[in-house]
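Okay, so here's the structure we're looking at.
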Amino acid sequence: MSLHLYNTLSGKVEEFSPATDNTVRMYACGPTVYDYGHIGNFRTFVAVDILRRFLRQSGFGLNHVMNITDVDDKIIRNAAQQEKSVDEYTKQYEEAFLEDMQTLNLERPEKMVRATEHIEEMARFIQKLEEKGFAYKTEDGSYYFSIAKFPEYGKLSKKDFGGMEVGARVDVDEYEKDNARDFALWKAPKEGEAFWESPIGPGRPGWHIECSAMSIKYLGESFDLHAGGEDLTFPHHENEIAQSEALTGKQFVHLWFHVRFLLVEGKKMSKSEGNFFTLRDLLLKGHKPSAIRYLLASVPYTRQLNFTFAGLEQAAHSVQRLRDFKSRLSMANLPAGKNQVVQDLAAHTQLQMRSSLDDDLNTAQALAAVFDMVREMNTLADRGELRQDDKAPLLATLEKFDEIFAVLGDDDTEKMTRAMEWAKAHGKAGESSLTATISDEDAERLVTERNNAKKARDFARSDAIRKQLADAGIVVEDTKDGTRWKRK
RNA sequence: GGCGCGGUACCCAAGUGGUAAGGGAGAGGUCUGCAAAACCUUUAUGCGUCGGUUCGAUUCCGACCCGCGCCUCCA
């Protein structure tokens, strides 16, 4: 089987492949940088990250563009309240977002672009739409898109606007629009608010136009895939289609990829419910980035995911099981030779992972394949039936797995420490529940010391050191291949 | 109201017209100086409820109940 993905436009799971050459041209709606990213945002970004990682593993090239929305009503309002420029205000959150991406092992898209750096392109876009008769200007200098001129309006969100009245001007929001459903392309400046000069006059862009203008600029008039959270289907993406196809007369995007919202503790996340968490909140509560990523990745993107703290604990254990297996394998001292059963199983597991992900990124099933392998190989290892040459294919399978899931490399402590430092610098250290820890070097030194005590059969000393390490969050495990330690 | 998605064990969660993956947790056991890890056994005659189709349905159809999303820029 080859890669199949659900396409919101057709409402079906379709075979996916890039149209022009072997490179996938994809655009993903990025963050609006008015605050720190929350766990819901990151479910979407993790899903897109898994998509791009799997596309690459499937042999495609990538040209992935992500926008940073650094101008919108909320930004302008908040910046004004804090007496900051729009730039100054958005910069801090953009930086935080990039850091959060690293925390979750989200790969950098090939290109990240800011809305405010493409005002010119947007203005020209609107100008052309006006020339073609799809856009009109109102008395105050704002521009709107006339959905009556675009009969296919509603095709993505499956909405029927056929019965809408056209012509009679409706007064909405102080602006004069031909049709209540017409959406803003360009907003005339309001008293005291930030605005930009442009070929179509002063003002600021509507929300939707940035994605059309930037995606077409960097990916062409027709490209392969466009991704975002499910809420963007309407109106955002519907409007992008209308603007873009009105301008070019070509199909804008072939496949629309939408990520389902998550629930937090069984309810829609909202500040009033008290179940609203930024990524940073979770780190400061002591949750590992790898556990967060694992939990977000473990439920297929088309399914609603219930994000709970119990689930987060479970995810941490699951990740640990995989890491334990990997380190057991890596340090094992095995007899020469190979076991054909192992070779076959490794190959089979890779096939299973691949076909699961080919099936609309069924991550839950891919995980099951890996855990099956882990259990069977642990059994063989316990029985002493593993051979030296079995290591490579098993480790290679784990590597394939981690090319997608990216949870095996242990840099959690480092990232959590960074979060704690950030919190201190922002006067939020009080919220932290991170326990004090020690450096790798100190841990190594104590482990060696304990081993010496153990060899001398000084178990009291050895247990005292174990306790000392445990207090620093370090677990020591004795195996027949030597002692290993890990951070809890 | 319109459109759409889902309800599977203690929790999370796959899946199939032929009798329930995987992870976590619990219980018992093996191993172990201790402790972990690992392994073994065990935990849904049952897949929201009620009907229908079928030799057979959790899987298809219908009704109902519940949860969720979009329908005024929330991922």
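The chains referred to below are lettered A, B, ... by the order of the sequence lines, with proteins before strands, and numbering in each begins at 1. Atom set for the values below is all heavy atoms of this structure, side chains included, hydrogens, waters and symmetry mates excluded.
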Could one point to a donor on the side chain of [X] or the base of [N] with an acceptor on the other under 3.5 Å away?
{"X": "A/R328", "N": "B/A37", "answer": "no"}
{"X": "A/D160", "N": "B/G2", "answer": "no"}
{"X": "A/K187", "N": "B/C73", "answer": "yes"}
{"X": "A/Q314", "N": "B/G23", "answer": "yes"}
{"X": "A/R383", "N": "B/C39", "answer": "no"}

Considering just the side-chain nitrogens and oxygens of [X], establish if one lies under 4.0 Å of OP1 or OP2 belonging to [N].
{"X": "A/R321", "N": "B/A38", "result": "yes"}
{"X": "A/N41", "N": "B/A75", "result": "yes"}
{"X": "A/K74", "N": "B/C74", "result": "yes"}
{"X": "A/R181", "N": "B/C71", "result": "no"}
{"X": "A/R303", "N": "B/A14", "result": "yes"}
{"X": "A/N362", "N": "B/A14", "result": "no"}

Candidates [options] - which lies nearest the side chain of [X]:
{"X": "A/K454", "options": "B/G15, B/C39, B/G33", "value": "B/G33"}
{"X": "A/K268", "options": "B/A37, B/G33, B/C70", "value": "B/C70"}
{"X": "A/Q304", "options": "B/G33, B/A75, B/C68", "value": "B/C68"}
{"X": "A/F234", "options": "B/C70, B/C39, B/C73", "value": "B/C70"}
{"X": "A/T379", "options": "B/A37, B/C39, B/A35", "value": "B/C39"}
{"X": "A/R375", "options": "B/A75, B/G22, B/G33", "value": "B/G22"}
{"X": "A/F261", "options": "B/A75, B/A35, B/A13", "value": "B/A75"}
{"X": "A/R260", "options": "B/A21, B/G4, B/G33", "value": "B/G4"}
{"X": "A/D478", "options": "B/A21, B/A37, B/C34", "value": "B/C34"}
{"X": "A/K159", "options": "B/C68, B/A25, B/C70", "value": "B/C70"}

Test log, rule salt bridge (charged side-chain N to carboxylate O under 4.0 Å, His left out), inputs A/E449 and A/R461: CA-CA 9 Å; A/E449 213 175 304; A/R461 172 86 186 117; 2.5 Å; yes

When all nucleic acid strands are considered with a 4.0 Å heavy-atom cut-off, which category describes [X]: base, sugar-phosphate, or nothing?
{"X": "A/G311", "result": "nothing"}
{"X": "A/R450", "result": "base"}
{"X": "A/R43", "result": "nothing"}
{"X": "A/P300", "result": "sugar-phosphate"}
{"X": "A/A310", "result": "nothing"}
{"X": "A/S462", "result": "base"}

Option among A/R293, A/R323, A/K488 that satisfies the salt bridge (charged side-chain N to carboxylate O under 4.0 Å, His left out) test with A/D412: A/R323

Step-by-step ring-ring contact (aromatic ring centres under 6.0 Å, His included) determination, A/H226 to A/F257: CA-CA 6 Å; A/H226 193 129; A/F257 180 95; over 10 Å; no

Aromatic-base stack, A/F371 on B/G23, cutoff 5.5 Å, angle under 30: no

A/F309 and A/H287 aromatic ring geometry - parallel, tilted or perpendicular at 30°/60° bounds: tilted

Plane angle bin for A/H236 and A/W207 - parallel if under 30°, tilted between 30 and 60°, otherwise perpendicular: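 It falls in the parallel class, under 30°.
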
A/L262 CG to B/A75 C1', straight-line distance once rounded to whole Å: 8 Å

Atom-to-atom span, CD of A/E477 to P of B/G33 - whole angstrom: 15 Å

Partner nucleotide, any strand, of B/G69 [Watson-Crick/G-U, under 3.5 Å]: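 Matched B/G69 with B/C3 under the 3.5 Å cut-off.
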
A/F261 six-ring centre to A/K268 NZ/CZ under 6.0 Å and within 45° of normal: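 Not satisfied by the 6.0 Å and 45° rule.
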
